[in-house]
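Some notes on the structure that comes next.
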Amino acid sequence: MDFAEFKREVHRRFGLYLDGYKEPQLKRRIDSLISLLQVPDYAAYLRLLSQDSQQWQRFIDKITINVSEFFRNPEIFARLEKEVLPSLLARHRNLKVWSAACADGPEPYSVAILLNELAPAGRHQIDATDIDTSALDAARRGVYPSRAVQAVTPERLERYFRREGDHFYLQEKIKHMVNFRRHDLLKDPFDSGYHLILCRNVVIYFTTATQNELYRRFYQALAPGGVLFIGATESLFQYRELGFMKVAPWFYRRPEV
Ligand SMILES: C[S@@+](CC[C@H](N)C(=O)[O-])C[C@H]1O[C@@H](n2cnc3c(N)ncnc32)[C@H](O)[C@@H]1O
């Protein structure tokens, strides 16, 4: 069985669409896991994945990097706080937000903290999704190492977290503002009517064709006037063709009409 066939079988048996990921790095990651496990070939590895749910989780962990942190790129989050959210809140009392590929939760929780401060009376909906169920379980627990909260201001750390040893426990009120659910960006349908979609630091794993298709679908998922927020190292080169207006380097708006 070659790698192409392995990918087809993973899709057929587990519904995971690996063709959307950039092949060289994907293959490198999977090959290193296979050699670490001392499995002879892709066919044997596929059998192992079918039989052992722990190995399946390890496989998912390997192809998806879960690293995240609160207010990742604080200077860009400052723009979200000072410009983008206020302009959305000027038009909508209640915001509908989606953090797509949220990892273990710092990103949607950062938005929840901002909305709690900017519009505490609003009935906001914050959806947060990821393909990795163990990351989502960690997100629901809301307990983080100091690395994940390094960009949180001392005032917010004091206000929203309880520290126990090396761990920071997020306040229940903020946890309750976010709905986590499993969702595969390459396979599952998108909801619509979002005022803000965050999709940061995940498309780098996908092929250019898959990235463009995703951005096209995000455009459809946004309400008119809604904003797409992408990663600091990413750029939406074809934003005009897709119908977006550039608000700032990492923020793209779907026009009102
Ligand atoms: C580096 S994290 C990004 C977390 C957060 N957005 C941030 O910027 O801090 C990438 C996440 O993408 C998720 N991911 C990878 N492939 C995915 C897919 N096809 N659908 C949904 N999530 C996916 C991974 O599980 C991982 O949690």
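Start at 1 and go down the list; that is how both ligands and their atoms are numbered.
- Of the polar atoms of Ala101, at least one N or O is found under 3.5 Å from an N or O of ligand 1, judged by distance alone.
- In this comparison of Phe71, Tyr17, Tyr21, the heavy atom closest to atom 18 (C) of ligand 1 sits on Tyr21.
- Against a heavy-atom cut-off of under 4.0 Å, Glu107 is close to the following atoms of ligand 1: 5 (C), 6 (N), 7 (C), 8 (O).
- Less than 4.0 angstrom separates some heavy atom of Asn201 from each of these atoms of ligand 1: 1 (C), 2 (S), 3 (C), 7 (C), 8 (O), 10 (C).
- The environment of Glu75 atom CD is dense: over 12 non-hydrogen atoms of other residues, nucleotides or ligands sit within 6.0 angstrom.
- The Asp184 neighbourhood of ligand 1 comprises atoms 18 (C), 19 (N), 20 (N), with distances under 4.0 Å to a heavy atom of that residue.
- Backbone and side-chain nitrogen or oxygen atoms of Leu185 are examined, and one is located within less than 3.5 angstrom of a nitrogen or oxygen of ligand 1.
- Distance from atom 22 (N) of ligand 1 to its nearest protein heavy atom, with residue and atom name: Ile131 N, 3.4 Å.
- Looking only at heavy atoms of the protein, atom 10 (C) of ligand 1 is closest to Ile65 O, 3.2 Å.
- Scanning the protein heavy atoms around atom 15 (C) of ligand 1, the nearest turns out to be Thr64 CG2, 3.5 Å.
- Between the side chains of Asn212 and Glu241, not a single donor N or O lies within less than 3.5 Å of an accepting N or O.
- We find that Asp104 and Arg141 are not joined by a salt bridge, their nearest charged nitrogen and carboxylate oxygen being 4.0 Å or further apart.
- Residue Val67 touches ligand 1 through its backbone alone, judged by heavy-atom distances below 4.0 Å.
- For the residues Thr210, Ile63, Asp130, the heavy atom positioned nearest atom 11 (C) of ligand 1 is part of Asp130.
- Under a 3.5 Å cut-off, the side chain of Asp41 and the backbone N or O of Ala44 do form a donor-acceptor pair.
- Ion pairing between Arg13 and Glu9 holds under the 4.0 Å rule for side-chain N and carboxylate O.
- Ring centers of Phe168 and Tyr144: at least 6.0 Å apart, outside the cut-off.
- The protein non-hydrogen atom at the shortest distance from atom 12 (O) of ligand 1 is Val202 CG2, 3.3 Å.
- In terms of modelled atom types and a separation under 3.5 Å, the side chain of His183 and the main chain of Phe190 share no donor-acceptor contact.
- At a heavy-atom distance under 4.0 Å, atoms from both the backbone and the side chain of Arg200 approach ligand 1.
- A salt bridge is absent between Arg182 and Asp130; no separation between the charged side-chain nitrogens and carboxylate oxygens falls under 4.0 Å.
- Nearest protein heavy-atom neighbour of atom 7 (C) of ligand 1: Arg72 NH1, 3.2 Å.
- Counted within 6.0 Å of CD on Gln38, heavy atoms from surrounding residues, nucleotides or ligands total 12 or fewer; the atom is thus considered open.
- Under the 3.5 Å distance criterion, with hydrogens and angles disregarded, a donor-acceptor pair is assigned to the side chains of Thr210 and Thr207.
- Ranking the protein heavy atoms by distance from atom 9 (O) of ligand 1 puts Ser68 OG, 2.6 Å first.
- Inspection of the Glu107 and Ser68 side chains reveals no N or O donor paired with an N or O acceptor under 3.5 Å.
- For ligand 1, the atoms lying closer than 4.0 Å to a non-hydrogen atom of Ala103 are 4 (C), 27 (O).
- For ligand 1, none of its N or O atoms has an N or O atom of Glu69 under 3.5 Å away.
- Interface of Asp132 with ligand 1, defined as ligand atoms under 4.0 Å from a residue heavy atom, comprises 25 (O).
- Of all the atoms in ligand 1, the ones that sit under 4.0 Å from a non-hydrogen atom of His183 are 20 (N), 21 (C).
- For Glu158, the CD atom is loosely surrounded, since the number of other residues' heavy atoms within 6.0 Å does not exceed 12.
- For ligand 1 and Leu186, the ligand atoms under 4.0 Å from any heavy atom of the residue are 19 (N).
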